[in-house]
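Below you'll find the structure, written out as structure tokens, and then a few comments.
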Amino acid sequence: MILATYNAAGLRARLPVVLDWLAQNEPDVLAIQETKVEDDKFPTADFEELGYHVVINGQKSWNGVALLARGPISSVRKGFQDDLFPDDARIIAGEVDGMWIINSYVPNGSSVGSEKFDYKMRWLERFRRYLSENYRTDQHVVWMGDINIAPTENDVYEPKRKWGKVGFHPDEIARLGKITEWGLTDLFRLHTQGAGHYTYWDFVIPNAPDRNLGWRIDHIYGTSAVAEACTRCWIDKAPRTGDRPSDHTYVLAELDL
DNA sequence: ATGGTTGAATGTCAA
């Protein structure tokens, strides 16, 4: 089974290249973030024609997540289902082939000290509680998506300069640590160590992909049974240097399940 | 010092 995650940065603008990539790579599951489209405008039929089941949690202009799978998707859950928490379209979860898949678009945080940064901190704390309220570590649970946090100095270019900025700040990393301590393993780091393996390159930095000025902020996590079954986890950088790129690219994981 | 690009909008915000 192949899992993949991709921040599309606007799915309608990205649709041709996403459909091409899907047809070429045929993952069993694809988690998409930043679809930036309302549910009634989502291009569901295009994905169904490629043989995917589609569930979506969208909103106008911003955020928006989708889960695609070759098998049926059941027990679909959108967001925190929490009246007290601001409800951006950032989470869609469902069961596929006995695996519990959580696709999330973690808030960007804008800049340290801003209201949006505080929202990111509270969102991460709420997500930790969401995990233990809805899942068990003895299940096959996958959490993947745009995490918007570089967990270590190996996960961002010029880490000394970036330390303490949004995306590589101790308060973010501590909260991500609380989440993974629940029982999740970063599948990419099971197989690959060292710096320079990035999933996102800023549009505004000239030739950022060629210069590899990027961040590893798109992650696939799994509970112990998933981690034990993970035979490969890799980044497909080609879409970032091809036509009409998103600023992110795909992360994939192969599970022997 | 606060540039530069892109998407969803059609102002300007968010990233």
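What's counted below: heavy atoms across the whole structure, side chains too, no hydrogens, waters or symmetry copies.
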Rounded to whole Å, the CH2-C1' distance (A/W62 to B/dA14) equals 7 Å
Using heavy-atom distances to pick each residue's nearest nucleotide on DNA chain B, tell me which of A/Y200 and A/S61 is more 5'. A/S61
Send over the distance from A/E34 CD to B/dT6 C1', rounded to a whole Å. 11 Å
Using a 4.0 Å heavy-atom cut-off across all strands, classify A/Y105 as base, sugar-phosphate, or nothing. sugar-phosphate
Has A/K60 got a side-chain N or O lying under 4.0 Å from the OP1 or OP2 atom of B/dA9? no
Can the ring centres of A/W143 and A/F127 be said to be less than 6.0 Å apart? yes
May I ask you to verify if any side-chain N or O of A/R14 is less than 4.0 angstrom from the OP1 or OP2 atom of B/dT6? no
Separation of the P atoms in B/dG4 and B/dA9, to the nearest angstrom: 25 Å
With nearest nucleotide decided by heavy atoms, which residue, A/R12 or A/N108, maps closer to the 5′ end of DNA chain B? A/R12
Once you round it to whole Å, what is the distance between C1' of B/dT2 and CD1 of A/I205? 13 Å
Over how many whole Å does the gap from A/N63 atom CG to B/dA15 atom C1' extend? 10 Å
Report the distance from atom CZ of A/F203 to atom P of B/dA8, rounded to the nearest whole Å. 10 Å
Using a 4.0 Å heavy-atom cut-off, does A/L11 contact any base of the nucleic acid, only the sugar-phosphate backbone, or nothing at all? sugar-phosphate
If the plane angle is over 60° it's perpendicular, under 30° parallel, otherwise tilted; pick one for A/F80 and A/Y130. perpendicular
Take atom P in B/dT6 and the same atom in B/dT2, then report the distance between them in whole Å. 22 Å
With respect to the side chain of A/A13, which nucleotide from B/dG4, B/dG7, B/dA14 is positioned closest? B/dG7
For the pair made of NZ in A/K41 and C1' in B/dG7, what is the distance, rounded to whole Å? 15 Å
Measure NZ/A/K36 against P/B/dT12 and give the value in whole Å, please. 18 Å
From the list A/N103, A/D146, A/N148, side-chain hydrogen bond (donor to acceptor under 3.5 Å, both in side chains) with A/Q33 holds only for A/N103
Examine the side chains of A/N134 and A/W100 and answer whether a donor and an acceptor come within less than 3.5 Å of each other. no
Determine the Euclidean distance between corresponding P atoms of B/dT5 and B/dA1; express it in Å to zero decimal places. 23 Å
In terms of relative ring orientation, are A/H169 and A/F117 parallel, tilted or perpendicular, with 30° and 60° separating the classes? perpendicular
Between A/N148 (CG) and B/dA14 (P), how many Å, whole number? 15 Å
